[in-house]
Amino acid sequence: MYLGKTIIENISETVLITMTVIYIIWCVKLAL
Amino acid sequence: MKRTDYFLLTSPFVAVIAVIALLYPEILTNSIIKMTVFFYTTFDWFVVWLPLLAIVSGLYFAFSKYGKIRLGGDKAEPEYSLYSWMAMLFTAGIGVGIVFYGPIEGLWHYFQSPIGVNSGLSSAEAMENAMALSIWVWGVPAWALYMTGGLVVAYFAYQHNMDFSPSAAIEKAYGKKKWSKTVSRLIVIVAIISIALSVSSSIAMATTQISSGLNIITGKTFTGIFSKVVILIIIFLIYTGAAILPIKKGMKILGDWTMYISIGLLIFVFLTGPTHYFVSVMINTVGRIITQTIPFSFEMYLFRDRNWFTWYPMSYWVWWITWTPFVGVFLAKISKGRTIKQFILASVFVPAGFMIVWFSVFSGYSLVDTIEGTGVLAKIANTGAYEGTIYNLLNLMPLSEITKPVTVFLFISFVVTTVTSAAISLGIMTSHDGKSESRTKAVVWSVFMALIGFAVVVTGKIEGIKAVGSFAGFPFVYIFLLWIAAFIKQIRKDSENKIKEGE
């Protein structure tokens, strides 16, 4: 279910997740 | 300054989708389903807690000093009496969706959820879980998301004279930032495209329901592709006519009657069905929701059915956020003169209360029929022919010869009123100044929506309805956070300015 993905898939997942986390932090900064 | 031509920016994109819908309906729907699954499975960790964020931030603003702020200024008078305001909120969620999903939702979770009957639980436990999950997705979290969108729109419209637009908050709060204009334009573009697509999915939903209803009532086959397409064309002609003819008053009367009939149907099933059981379901489910709100908000169902988790609750959360510009603006427009506290509490708990009653009755009935009744509804749900569930439920009740045609009429009037107002709104949003009505553009949008609806109908998948309904609105998941940020920034700034003025 969670294993067995290719390196490319794992890296693109990481990029998308990291970008979302950065976006969330940016929104918090904008709010304050 | 000349306004951006949103028609030029959005219509070619939707036109391409509409043409593909006409030529390759299955390819279009399946590709949208695939993209949707990708979004949901990649960003589920982010989407899952957004409703809780809306609930918690809503409660904070309601009970903090900001709760006393009156929308429209300290001296603003409410436009509607408390009674009419409450009545409008109560019926705000009535639409094609609740009649379609009312009897199915509970069965779906009963059989398919990781805490359903197939996970080894007893039927009683699985039933309670199924009801809690049904009311979880349609109740307080859904309305907290709508309320948040509505609060942001209302605050900037009434306190800062901005338009009732999804981009107003960003334009006002971050107007000096370099990215503000681009982001605001993107928000309007996404709103236009997502309204067009989600209304297309409502057209598809209503078409399948009407064909299934005619099939059950007449005993003749209306469920083939040809019959469905004919029904879709008839619906298209009615709503397009309604959008361009000067019959707004007539549409208002039709809309009001649709609501009365829906409530009549609810009361009818409540009274002729097992009333004590319905009330018990409501009490039991409210209790479960109170204790489960936090666990449900972080539950990722690891190592369990990913397919179920994708189509529930992920697709629902994104779906509600997609509809936020539509429903939120409605909530905002009727709430001038109310305090922020009144707005937050009433626009979450009043419509959510209606949903609790509706789903306890319709899903509750499907479940009692499954556990100790005929089992007919469960059989239908397990074959995937969801659209027939409501009619078969009514078949088990007295006077079904009357209630079934009435339900078919309900679907027709729901779809006509929803799509007509969406076509008119899209015409306005894409007009040269964003304020005037444009009949030609309304017709163009009507055609696009019918073609995309056609693709979903041809494919005949419930996932298609959900995916097309929510996929274009996925960016709103991100915009949603930006709205909250803009609101927090502006309300704090306004409050500081007020204190300074006072000094």
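Both backbone and side-chain heavy atoms feed into the values below; hydrogens, waters and symmetry mates do not. What you are looking at is a predicted structure, and each value in this text was computed from that prediction instead of being measured. Just so it is clear: chains get the letters A, B, ... in the order the sequence lines come, proteins before strands, and each one is counted from 1.
For B/Tyr174, the part lying near chain A is the side chain, with the backbone staying farther off; criterion is any non-hydrogen pair under 4.5 Å. Neither the backbone nor the side chain of B/Phe480 comes within contact range of chain A, judged by heavy atoms closer than 4.5 Å. For B/Phe43, the part lying near chain A is the side chain, with the backbone staying farther off; criterion is any non-hydrogen pair under 4.5 Å. Looking at B/Ile484, neither its backbone nor its side chain comes within 4.5 Å of chain A, counting heavy atoms on both sides.
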Chi angles and distances behind the side chain to side chain contact (heavy atoms under 4.5 Å, CB included) call for A/Val21, B/Phe46: CA-CA 9 Å; A/Val21 173; B/Phe46 169 44; over 6 Å; no
Criterion side chain to side chain contact (heavy atoms under 4.5 Å, CB included) on B/Arg492 and A/Leu32, from CA distance to verdict: CA-CA 9 Å; B/Arg492 287 179 65 193; A/Leu32 302 176; 3.6 Å; yes
Residue pair B/Tyr478, A/Ile24: steps toward the side chain to side chain contact (heavy atoms under 4.5 Å, CB included) verdict: CA-CA 9 Å; B/Tyr478 288 83; A/Ile24 296 170; over 6 Å; no
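No other option in B/Leu482, B/Thr42, B/Leu302 has as many heavy-atom pairs under 4.5 Å with chain A as B/Leu482.
Residues A/Cys27 and B/Leu481 come closest through the heavy atom pair SG-CB, 3.8 Å. Across A/Leu30 and B/Lys177, no two heavy atoms sit closer than the pair CD2-CE, 4.2 Å. Here the shortest heavy-atom pairing between A/Tyr23 and B/Ile479 reads OH-N, 4.1 Å.
By the 6.0 Å contact criterion, CE on A/Met19 is open, its count of non-hydrogen atoms from other residues, nucleotides or ligands being 12 or less. No more than 12 heavy atoms of other residues, nucleotides or ligands lie within 6.0 Å of CD1 in B/Ile294, so this atom counts as exposed by the packing criterion. The number of heavy-atom neighbours closer than 6.0 Å to NZ of B/Lys489, taken from other residues, nucleotides and ligands shown, is above 12.
The salt bridge (charged side-chain N to carboxylate O under 4.0 Å, His left out) check on B/Lys34 picks up nothing, with sequence neighbours excluded. Scanning for ring pair (Phe, Tyr, Trp, His ring centres under 6.0 Å) contacts around B/Phe63 gives an empty result, with sequence neighbours left out.
B/Phe39 places none of its side-chain heavy atoms less than 4.5 Å from the side chain of A/Leu16.
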